[in-house]
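These notes are about the structure you will find just below.
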Amino acid sequence: MTKAQITSLAKEAKSLEPDSEERSLLLSKSLNYSNHFLQSLDAQKAYQKFDKTVNKLLDEPLTDAPSNVEKVISDIEHKIVPPGLNPASGAHFGYIPGGGLFSSAVGDYLTAITNRYAGVYFSSPGAVALETKLINWMAELIGYDGKAGGYLSSGGSMANLTAIVTARENAKIGSQDISRTVVYLTEQTHHCVDRALMIAGMKDCAKRYINLDDKSRMKSPELKKTIQKDKEKGLIPWMIVASAGTTDTGAIDALKEIGEISSEENLWYHVDAAYGGFFLLTEEGKQKLKGINLADSVVLDPHKGLFLPYGSGALVVKDVEKLAKAHRYDAHYMQDTKIDAGMYSPAELSPELSKHFRGLRMWMPLKLHGIKAFRSALQEKLLLTRYTWQKLDQMKDIEVGAEPDLTVFTFRWAPDGVADLDEMNKKLHKAIVNDGRVFLSTTRIENEFRFRFVVLSVRSHLKEIELFLTVLREIITKTEQNISELSN
Ligand SMILES: Cc1ncc(COP(=O)(O)O)c(C=O)c1O
């Protein structure tokens with residue numbers, strides 16, 4: 001290999017490092033598009049219907065030749081972004097919305113530009129200290145003392161998995177013990193917990209689905225009895241998973257009561273607060289989540305309750321040493337990083353090593369807007385949900401689920417004299433999705449097909465709620481007409 005060859009290759013790769021003029025061009029085109037995207041949100045649908053032709057939209061092969069900026073931005077704008085759900089829309093009332101804060105997007109941009117290595121303190125003490133600060137802030141919110149620690153994950157599923165691995169290691173469960181080990185949860189526990197158990201090698205443990213009360217909360221007296229029965233059978237009660245805001249209905253388990261049972265029985269107590277956790281910022285949420293501090297581990301999702309763009313979850317463990325013990329590692333090539341930092345690095349507390357500098361996308365919004373703005377937005381969502389629930393409750397042909405604890409409730413269309421309500425509601429849902437002005441998702445509660453209504457987008461305000469009420473009534477009327485035309 002000659003020097004001339006090396007120089008020639010560097011020349012061919014030169015476009016990987018744009019100069020300031022080229023950077024400005026790319027940035028200004030991206031900024032134009034992002035401004036247009038945000039300014040036109042009101043006119044955009046919450047759900048854009050699509051067919052399988054979308055799979056062909058990006059059929060052009062990746063080639064040796066570069067594409068120009070306009071073409072690339074245009075593909076993003078016209079081909080990639082529009083089809084399907086629009087999570088940036090304030091009329092997104094399905095699944096668990098969040099919205100995506102602009103300040104967080106800018107944080108991500110700076111993260112990528114500076115490309116700090118956020119896994120280990122030696123490389124980037126600033127990034128690690130920032131992540132630790134955010135974890136400590138969440139630990140305080142939960143009510144933990146100074147022994148707590150955790151890490152910023154990609155989302156709630158990863159954070160739940162890390163918690164379960166920590167609980168497994170803490171209980172020193174050997175492969176021979178798995179089938180005698182018992183986890184306690186409910187049918188309303190998020191499915192990622194089941195999956196995490198499988199990934200963590202615990203798929204053959206016994207799972208006790210504790211019955212729910214009429215507000216979809218774990219029946220704690222039954223939990224206690226079940227644990228005792230299992231002990232009598234010689235089994236190993238291991239972990240309780242409670243929910244602080246279930247996905248289906250937003251129900252909050254009796255966190256304090258369950259925590260007390262857990263400590264009496266000496267079990268690992270895990271609380272999945274991926275959806276509900278940040279309501280701790282509000283007075284109302286604090287009251288409703290009382291007892292969460294009894295948990296050994298808590299999952300929160302900043303990409304839900306703090307409105308960050310997707311890619312932000314968090315695990316906070318009451319005793320950070322337990323998390324560290326479950327994720328210890330050693331490697332010769334990491335020997336330089338073993339310095340006295342006065343804090344753990346995320347790589348010592350999670351499965352990740354080369355880690356996205358996630359702290360900035362969370363810290364920038366908290367600093368730039370202040371906590372009060374988040375508190376007010378969350379309180380606003382609580383009130384909007386109650387307002388909507390009351391409006392629907394007053395409608396003769398709508399049957400609402402239990403009054404919401406937080407910002408989720410279920411409902412279904414139940415006009416008089418209809419035998420197959422499931423079928424009717426499926427039709428109604430399809431019509432709402434096809435219309436696209438608002439988006440709702442559905443579930444099954446006690447084997448009934450029901451709509452879930454969730455307010456958690458930062459962009460959902462009274463205007464979007466009124467839009468939902470209008471669209472719902474309009475589409476119900478149309479669906480009724482269609483059905484009566486079909487039956488005539
Ligand atoms: C209660 C609960 N736990 C866990 C998760 C999974 O989180 P993620 O989608 O961030 O992986 C969700 C997602 O909606 C959830 O609502």
Side-chain angles (χ1 to χ4, degrees), residues 84-85 87 92-101 104 138 142 150-165 167 183 185-200 209 212 215-218 239-253 255 258 269-280 285 288-289 292 295 297-316 350-352 356 358 361-362 378 381 385 404-410 439-445 452-457:
L85 177 62
H92 168 29
F93 300 113
Y95 307 115
I96 307 279
L101 292 177
S104 186
M138 288 184 275
I142 292 165
Y151 88 107
L152 296 178
S153 66
S154 57
S157 302
M158 276 306 294
N160 273 308
L161 171 62
T162 317
I164 284 165
V165 167
V183 58
L185 59 174
T186 75
E187 292 289 351
Q188 285 290 315
T189 305
H190 193 273
H191 73 268
C192 75
V193 169
D194 231 2
R195 190 168 50 181
L197 287 167
M198 181 178 71
I199 299 169
Y209 292 93
L212 300 166
K215 287 202 83 185
S216 300
R217 294 172 303 204
M218 181 188 284
M239 176 174 67
I240 303 168
V241 182
S243 303
T246 59
T247 313
D248 257 352
T249 69
I252 303 168
D253 287 330
L255 300 180
I258 298 174
Y269 181 29
H270 176 63
V271 174
D272 180 3
Y275 155 64
F278 284 108
F279 286 99
L280 282 166
K288 289 186 168 163
L289 296 170
I292 193 169
S297 49
V298 177
V299 165
L300 300 102
D301 254 359
H303 65 200
K304 296 184 170 74
L306 288 185
F307 320 116
L308 303 194
Y310 294 124
S312 274
L315 170 67
V316 190
S350 73
E352 290 186 87
H356 187 255
R358 287 193 188 99
R361 67 192 335 256
M362 178 168 168
L378 288 164
K381 309 311 167 204
T385 312
D405 267 340
L406 295 171
T407 65
V408 188
F409 66 85
T410 69
F439 179 78
L440 271 84
S441 56
T442 67
T443 188
R444 293 196 85 81
I445 304 280
R452 291 171 63 254
F453 187 81
V454 191
V455 188
L456 201 59
S457 165

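Whatever order the structure lists ligands and atoms in, that order sets their numbers, starting from 1. The residues of the chain are indexed from 1 along the displayed sequence.
- Within ligand 1, the atoms closer than 4.0 Å to a non-hydrogen atom of A274 are 2 (C), 3 (N), 4 (C), numbered from 1 in the order shown.
- Atoms of ligand 1 lying under 4.0 Å from any heavy atom of G245, numbered from 1 in the order shown and given with element: 1 (C).
- Each of T246, D301, T247, L406 was checked for a side chain to side chain contact (heavy atoms under 4.5 Å, CB included) with Y275, and the lone residue meeting it is L406.
- Atoms of ligand 1 lying under 4.0 Å from any heavy atom of S157, numbered from 1 in the order shown and given with element: 6 (C), 7 (O), 8 (P), 11 (O).
- The proximity of H303 to ligand 1, defined as any non-hydrogen pair under 4.0 Å, is limited to the side chain.
- Near I96, meaning under 4.0 Å from any of its heavy atoms, are these atoms of ligand 1: 14 (O), 16 (O).
- Of the possible polar contacts, none joining the S104 side chain to the M362 backbone as a donor-acceptor pair under 3.5 Å is found.
- Side-chain contact between V193 and I164 is present, with at least one heavy-atom pair separated by less than 4.5 Å.
- Distance check, rounded to the nearest 0.5 Å: CG of L289 to CZ of F278 gives 11.5 Å.
- Residue D272 has at least one nitrogen or oxygen atom sitting less than 3.5 Å from a nitrogen or oxygen atom of ligand 1, judged on distance alone.
- Residues T407 and F93 have side chains not in contact (no heavy-atom distance under 4.5 Å, counting atoms from C-beta outward).
- When only interatomic distances are considered, the shortest N/O to N/O separation between G156 and ligand 1 falls below 3.5 Å.
- Taking the side chain as every heavy atom from C-beta outward, V165 and T162 never approach each other to under 4.5 Å.
- Looking at heavy atoms from C-beta onward, S157 lies in side-chain contact with R195 at the 4.5 angstrom threshold.
- Atoms of ligand 1 found under 4.0 Å from any heavy atom of T247, numbered from 1 in the order shown, are 1 (C), 2 (C), 15 (C), 16 (O).
- Heavy atoms of C192 come nearer than 4.0 angstrom to ligand 1 in at least one pair.
- Within ligand 1, the atoms closer than 4.0 Å to a non-hydrogen atom of D301 are 7 (O), 8 (P), 10 (O), numbered from 1 in the order shown.
- Close N/O approach between N160 and ligand 1 is not found [any backbone or side-chain N/O within under 3.5 Å].
- Taking 4.0 Å as the cut-off, K304 counts as a neighbour of ligand 1 on heavy-atom distance.
- Looking from atom 15 (C) of ligand 1 to the surrounding protein, the closest heavy atom is H190 CD2, 3.3 Å.
- For H303 (side chain) and G311 (main-chain N/O), a donor-acceptor pair under 3.5 Å exists by modelled atom type.
- Looking at M158 and E352, their side chains never come closer than 4.5 Å, going by heavy atoms from C-beta outward.
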